Amino acid sequence: MDEKYFPEKIEQKWQQRWNESRAFEAKSDDPRPKFYCLEMLPYPSGFLHMGHVRNYSIGDALAWYKRLQGFNVLHPIGWDSFGQPAEQAAIKRGVNPRDWTEENIAHMRGQMQRLGISYDWSREIAAHRPEYYKWDQWFFLKMHERGLAYKKKSPVNWCPKEGTVLSNEQSSGGICWRCGAAVEKRDLEQWFLRITEYAEQLVADIKQIENTWPEKVLKRQRDWVGRSEGAYVDFGIKDSDQKVRVFTTRIDTIYGANAIAISAEHPLLADLLQGSSLKNDIEAFAKKVKAEAAARSREEEGPKDGMNTGILAINPFSGELVPVWVANYVLMEYGTGALMSVPAHDDRDFEFAQKYSLPVRRVIERVSHEQESIAHDEAREDQSLAMPHAFTEYGILVNSGDWSGKLSTVAMKEMASYAAEHGFGEAAVTYRIRDWGVSRQRFWGAPVPIVYCEECGTVPVPYDQLPVVLPPSAEFTGTGAPLAGVSEFVNINCPKCNGRAKRETDTMDTFVDSSWYFFRYCDPRNATVPFDPAIAAEWTPVDQYIGGDSHAVMHLIYTRFWTKFMRDLGLVSFDEPVKRLLTQGMVTNRVEGTDDWKAMSKSLGNGVDPDEMIAAFGADAARLFILFAAPVENELRWLESGIEGAVRFIRRAYTMVWRWHDRLASSDVDHDASTEFSPAARALRRKTHQTIAKITNDFEGLHLNTIVAALMELFNELSNFDANPATAPAGDVFAVREALESLVIMLAPFSPHVAEEMWESLGHSRGLLNSARWPQSDADLARREELEIPIQVNGKLRSHVFALPEVSEDELRAAALEDEKIRSIIEGHEVVKVIVVPRRLVNVVIK
RNA sequence: GCCGGAGUGGCGAAAUUGGUAUACGCACCAGACUCAAAAUCUGGCGAGGUCAAACUCAUGUCGGUUCGAGUCCGACCUCCGGCACCA
């Protein structure tokens, strides 16, 4: 140990030692309890940003803590290395995506190592390597076997200028993000994964994680799946044997239906309008609606628009005839693409009815007290005529035939049963979630393992021919599917009949890669299966997952889906892959010239380079600051002066160790019954044990910021402890050793390099990992010897008394009333009562 | 519009079951060291009030429950985030 703190030197020294001793490699077959600590794997863009640094600092703190607590910790990392940016680099700069990606990985791996994150590098994986994506393809084939992977025509965002498919994000506002051309909807054959098959489980199993995942994530997942209970009802068509099926969550309002509204794309339209004079008009209208929907940005809600088809439908409950309208607000993708319009009790239907002057009939009344209900009865007729807006609450049915007088909640159940009994409907559950489109007309992804044979049709690639390896390169023009232009890839012999065949040229969505990667970490080099189920069972489910909440739906729902599928394959035995989830807050920085704090980004110019931070302050200080500055789930505002504070703290602690290390390392001072502890030494030991208890407790809730504060408090107490290292008596030396060693061990999760250095200089030459254990708090030592009890008068703090912890209530009361200050205040007043909270406070109530 | 979450010093933030509000840090101020500055160390630091104290007021606003409310209840305001024609 040097006298002065040189972070660069210390950090390099320990990174090298960790590396040489393979200090963080996790081993199977370990009798200790396991802990799987996982951070979301990064996309190798080339550079770590502060969000990554925060993510890994949080994870590493937990991994260190668990390791020091005696757990067998798995803490791996890898690369989500397929995706668009590599292909963009190829298009723009002509570089090979593979080379670009590998270079970026190499650089970012170096950055992670300079941060000193305790990863098990022997388990590193990367999605773009054939030994990994082979298993993406394997899973795809398993799904295909079970009918969970299928192909269908589906509208995609299509840029006509570039001849390529765009994601929703790339086509927001109906404009291509690259060339600015107007985006079209095109029907293309695409591969889908049947996530809808698992919709119910994705909602129901939320109860398994509801206390350990953030509520905001679960909420978004519930919304995403969009489970909705209601009923299907069939409306007959007059003068036809056809019928229109609608979905409704409010069957209780069916007597108020004034029309059926159907989507412009509804398949019945073509049939029913055969020979109708309106046919052309309706078709023109449908076209217009489609065009407007495509042009509209996702947020906007255009005005209601519709057209009467002249068709009449029959309300199966009332027998009433209602017109069938085509309406622009009815979505073909949801429910049945048709709905019953009940303007009195639905805002959208109300708006629609207003526009076209359709009748509004009220069939639900507010449940109210009897008198009010009489008053309402008198006014009912008027209300029906001139409602200002829809009444969308549950209530009591009126004007509803035999159902009048029933409560909505009751009627909804009974009417659905009634419909089922009479064969014109049934209770139903619908979901908003759609099947997961995984086809990408791109190069840099896992090829879909499918072959199209002129004779045999669609043929899955046999398992023993996996992986379908990406060709080394392709023409990157930015238009069309690059793989389609690589003839040696495309043209092959059919695996079934050996005849002429072509490969599928779509690659898979990169979310496929990240849906199961953390299972691969358990058994990363397995060449025969994605992972050995027995080995995975040793580590999974993940005990703690940490990442940004930007993945609240996509990744985190796909991985839940994938896990359930793997469970059905018999690969895992649980429903949920992640026990606890933490969504960390963003790292923001001031945007130059403004008062805005925004997420760091290149385009805003407010980014901070982790390497510069490490060079200027050291990784230990940077990590300490990040974890101290805000609770992990809060936004973190980047302040350089805050890092300087962290450096100061580390340097002071380091200097303290330097002052004491000769004495502590050379003497084997321990205490026995004869050791005398001065009051100051006892106070220091008390603080030490209180701090251990607090920090251990805070770790369970990942309150890392208050842990750092507690470490600082302990250090401050230690600084105020007045003892000379050369001459201090045994009791003092022991108290200092206990405080200092506890401080160093508990600092390790935050600033591991300097903690190792200090630990070594305190006489533990074998290093932290092998010799240190998390300190234990002794409750007896942590207990206060004397309490300072506040005394209130009428709830206002007025004085204090000192008392022993075992003081009785009566003694406390007496002490309070004898206190000089309290006596002077209560003099001349009647003491109504005295509240004594044992060990906490006294409150004297006077009149 | 709907649904979540949050409002505490100049700033980031603390505060077991309701029990001493503002821990810890940053910034700032003063002092020591220095020819000087930086660094470092020591002290101060919610607002008003006072030589100092006493005291008064303060956790978004208004009300309530309680001996006692940042914490519980009701109404409202503001900010942030998500969803958005989902029948």
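So that the names make sense, note that chain A is the first sequence line, chain B the second, and so on, each numbered from 1. Nothing here was measured: the structure is a model prediction, and the numbers come from that model.
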Q: Heavy atoms only, 4.0 Å cut-off, all strands: where does D347(A) land among base, sugar-phosphate and nothing?
A: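 No contact at all - D347(A) keeps every heavy atom at 4.0 Å or more from the nucleic acid.
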Q: Regarding Q221(A) and R560(A), do their side chains bring together a donor and an acceptor under 3.5 Å, going by distance alone?
A: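 Yes.
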Q: Please classify the nucleic acid contact of N697(A) as base, sugar-phosphate, or nothing, using heavy-atom distances under 4.0 Å.
A: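 The residue N697(A) makes no contact with any strand.
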Q: Spell out yes or no: do the side chain of K219(A) and the base of rC83(B) have one donor N/O and one acceptor N/O closer than 3.5 Å?
A: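 No, the side chain and the base share no sub-3.5 Å donor-acceptor pair.
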Q: Which part of the nucleic acid, if any, lies within reach of G226(A) when heavy atoms closer than 4.0 Å are counted: base, sugar-phosphate only, or nothing?
A: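 Answer is nothing: G226(A) stays at 4.0 Å or more from every strand.
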Q: Could you tell me the separation between the CE atom of M412(A) and the C1' atom of rA87(B), rounded to a whole number of Å?
A: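 To the nearest whole Å, that distance equals 13 Å.
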Q: When the C1' atoms of rG70(B) and rG18(B) are considered, how many whole Å apart are they?
A: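 After rounding to an integer number of Å, I get 10 Å for this pair.
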Q: Would you measure the distance from the P atom in rC62(B) across to the matching atom in rU8(B) and give it in whole Å?
A: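 Going atom to atom, P in each nucleotide, I get 16 Å.
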Q: Nearest-Å distance, CG (L639(A)) to P (rC26(B))?
A: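 In whole Å, rC26(B) P and L639(A) CG are 12 Å from each other.
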Q: Out of rA84(B), rA87(B), rA27(B), which nucleotide sits closest to the side chain of R648(A)?
A: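 Closest nucleotide to the R648(A) side chain: rA27(B).
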Q: Donor-acceptor pairs are to be reported for all side-chain atoms of residues 709-717 of chain A against protein atoms at under 3.5 Å, with residues two or more places apart or in another chain.
A:
{"residue": "E713(A)", "atom": "OE1", "partner": "K687(A)", "partner atom": "NZ", "Å": "3.0"}
{"residue": "N716(A)", "atom": "ND2", "partner": "M712(A)", "partner atom": "O", "Å": "3.4"}

Q: Report which part of the nucleic acid E333(A) touches: base, sugar-phosphate, or nothing (heavy-atom distance under 4.0 Å, all strands).
A: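 Nothing, no nucleic acid heavy atom in range.
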Q: Would the F424(A) and F317(A) ring centres measure less than 6.0 Å apart?
A: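 Yes, they do, as the ring centres are separated by less than 6.0 Å.
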Q: Start at the 5' end of RNA chain B and walk down; is the nucleotide closest to S719(A) or to F628(A) reached first?
A: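 Per heavy-atom nearest nucleotide, the more 5' residue is F628(A).
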Q: Check the distance between rC3(B)'s P and D549(A)'s CG and give it to me in whole angstrom.
A: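 Whole-Å distance recorded here is 21 Å.
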Q: Mind checking R840(A) for me? I need base, sugar-phosphate or nothing, with any heavy atom below 4.0 Å counting as a touch.
A: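 Base, at least one base heavy atom under 4.0 Å.
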Q: Look at all strands and tell whether K694(A) reaches a base, only sugar-phosphate, or nothing, counting heavy atoms closer than 4.0 Å.
A: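 No contact at all - K694(A) keeps every heavy atom at 4.0 Å or more from the nucleic acid.
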Q: I want to check one thing: is the phosphate of rA13(B), taken as OP1 and OP2, less than 4.0 Å away from some side-chain N or O of N634(A)?
A: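 Yes, because at least one side-chain N or O of N634(A) sits under 4.0 Å from OP1 or OP2 of rA13(B).
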Q: Would you list the pairs meeting salt bridge (charged side-chain N to carboxylate O under 4.0 Å, His left out) in which at least one residue belongs to residues 249-258 of chain A, sequence neighbours left out?
A: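 Residue pairs with at least one partner in residues 249-258 of chain A: R250(A)-D252(A).
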Q: Rounding to the closest angstrom, what is the interatomic distance between rU40(B) and rC57(B) at atom P?
A: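 Looking at atom P only, rU40(B) and rC57(B) are 41 Å apart.
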Q: Check every strand shown and say whether R227(A) touches a base, only sugar-phosphate, or nothing at a heavy-atom separation below 4.0 Å.
A: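 Here R227(A) touches no strand at all.
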Q: In whole angstrom, give me the gap between the C1' atoms of rU66(B) and rC72(B).
A: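 To the nearest whole Å, 10 Å.
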Q: Write down the distance separating the P atoms in rA58(B) and rC80(B), rounded off to the nearest Å.
A: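 It works out to 28 Å between them.
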Q: Can you tell me the distance, in whole Å, between the CG atom of L787(A) and the P atom of rG19(B)?
A: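 From L787(A) CG to rG19(B) P: 17 Å.
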Q: Between rG5(B) atom P and E215(A) atom CD, what is the distance in whole Å?
A: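 Distance, rounded to whole Å: 7 Å.
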Q: Indicate, with a heavy-atom threshold strictly under 4.0 Å, whether R839(A) touches base, sugar-phosphate, or nothing.
A: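 Result for R839(A) = nothing.
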Q: Going by heavy atoms in the side chains, are T583(A) and W213(A) under 4.5 Å from each other?
A: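 No, side chains not in contact.
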Q: Can you tell me if K216(A) touches the phosphate of rG82(B), counting only side-chain N or O atoms and a distance under 4.0 Å to OP1 or OP2?
A: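 Looking at the OP1 and OP2 atoms of rG82(B), neither is under 4.0 Å from any side-chain N or O of K216(A).
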Q: Between N328(A) and rC85(B), does any side-chain N or O lie under 4.0 Å from OP1 or OP2?
A: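 Looking at the OP1 and OP2 atoms of rC85(B), neither is under 4.0 Å from any side-chain N or O of N328(A).
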Q: If a pair means Watson-Crick or G-U wobble with both distances below 3.5 Å, what does RNA chain B look like in dot-bracket form, with | marking bases paired to a different strand?
A: (((((((..(((......[....))).(((((.......))))).(((......)))..(((((..]....))))))))))))....
Q: Rounded to whole angstrom units, what separation is found between the CG atom of L331(A) and the P atom of rC83(B)?
A: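 About 17 Å, once rounded to whole Å.
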Q: Only distances under 3.5 Å count here; give the side-chain donor-acceptor pairs of residues 631-653 of chain A to other protein atoms, sequence neighbours excluded, each with its distance to 0.1 Å.
A:
{"residue": "E635(A)", "atom": "OE2", "partner": "T588(A)", "partner atom": "OG1", "Å": "2.8"}
{"residue": "E635(A)", "atom": "OE2", "partner": "R637(A)", "partner atom": "NE", "Å": "3.2"}

Q: Taking the six-membered ring of Y329(A) as reference, does the cationic atom of K304(A) (NZ for Lys, CZ for Arg) lie under 6.0 Å from its centre and within 45° of its axis?
A: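 Judged by the rule, K304(A) and Y329(A) form a cation-pi pair.
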Q: If the P atom of rU78(B) is compared with that of rA87(B), how far apart are they to the nearest Å?
A: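 To the nearest whole Å, 29 Å.
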Q: For RNA chain B, what residues of residues 256-266 of chain A have any heavy atom nearer than 4.0 Å?
A: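 Close to the strand, none.
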Q: Would you mind classifying the nucleic acid contact of V832(A) as base, sugar-phosphate or nothing, using non-hydrogen atoms under 4.0 angstrom?
A: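 Touches nothing.
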Q: Below 4.0 angstrom from OP1 or OP2 of rC83(B), is there any side-chain N or O of R220(A)?
A: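 Yes, because at least one side-chain N or O of R220(A) sits under 4.0 Å from OP1 or OP2 of rC83(B).
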Q: When we call it a touch if two heavy atoms are under 4.0 Å apart, what does N843(A) touch: a base, just sugar-phosphate, or nothing?
A: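 Contact class for N843(A): base.
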Q: What is the separation between atom CZ on F715(A) and atom P on rA23(B), rounded to the nearest whole Å?
A: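 Whole-Å distance recorded here is 19 Å.
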Q: Do Y431(A) and T196(A) pair up side chain to side chain, a donor and an acceptor below 3.5 Å, judged on atom types alone?
A: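 The criterion, which ignores hydrogens and geometry beyond distance, is not satisfied for T196(A) and Y431(A).
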Q: Taking the six-membered ring of Y255(A) as reference, does the NZ or CZ atom of R361(A) fall below 6.0 Å from its centre and within a 45° cone about the axis?
A: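 Relative to the ring axis of Y255(A), which defines the angle, R361(A) lies outside at least one limit.
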Q: Looking across every strand, which nucleic acid part, if any, lies under 4.0 Å from R222(A) by heavy atom: base, sugar-phosphate, or nothing?
A: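 Since no nucleic acid heavy atom lies under 4.0 Å of R222(A), the category is nothing.
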Q: Rounding to the closest angstrom, what is the interatomic distance between rA21(B) and rA13(B) at atom C1'?
A: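 Comparing C1' positions in rA21(B) and rA13(B) gives a spacing of 13 Å.
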Q: Which residues pass the side chain to side chain donor-acceptor pair (under 3.5 Å) test with K821(A), sequence neighbours left out?
A: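 In terms of side chain to side chain donor-acceptor pair (under 3.5 Å), with neighbours along the sequence ignored, K821(A) is linked to no residue.
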Q: Just wondering, are more than 12 heavy atoms of other shown residues or ligands nearer than 6.0 Å to NZ in K413(A)?
A: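 Counting neighbours around NZ of K413(A), 12 or fewer heavy atoms of other residues, nucleotides or ligands fall under 6.0 Å, so no.
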Q: For atom C1', what is the distance between rG46(B) and rA39(B), given to the nearest Å?
A: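 30 Å, rounded to whole Å.
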Q: Could you tell me whether rG49(B) is syn or anti, where syn means a glycosidic angle within 90 degrees of zero?
A: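 Because its glycosidic torsion lies more than 90° from 0, rG49(B) adopts the anti conformation.
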Q: Whole angstrom is fine here: how far is it from CD1 in I846(A) over to C1' in rG68(B)?
A: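 Computing the I846(A):CD1 to rG68(B):C1' distance gives 14 Å.
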Q: Does a nitrogen or oxygen in the side chain of S228(A) sit under 4.0 Å from OP1 or OP2 of rA87(B)?
A: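 Indeed, a polar side-chain atom of S228(A) lies that close.
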Q: Check the pair E265(A), K287(A) against salt bridge (charged side-chain N to carboxylate O under 4.0 Å, His left out), reporting the backbone distance first and the verdict last.
A: CA-CA 9 Å; E265(A) 299 149 71; K287(A) 212 170 254 176; over 6 Å; no
Q: Over 60° means perpendicular and under 30° means parallel, so classify the ring planes of Y356(A) and W325(A), tilted if in between.
A: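 The rings of W325(A) and Y356(A) sit tilted, inter-plane angle from 30° to 60°.
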Q: Nearest-nucleotide wise, let me know which of E635(A) and Y334(A) is further upstream toward the 5' end of RNA chain B.
A: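 Per heavy-atom nearest nucleotide, the more 5' residue is E635(A).
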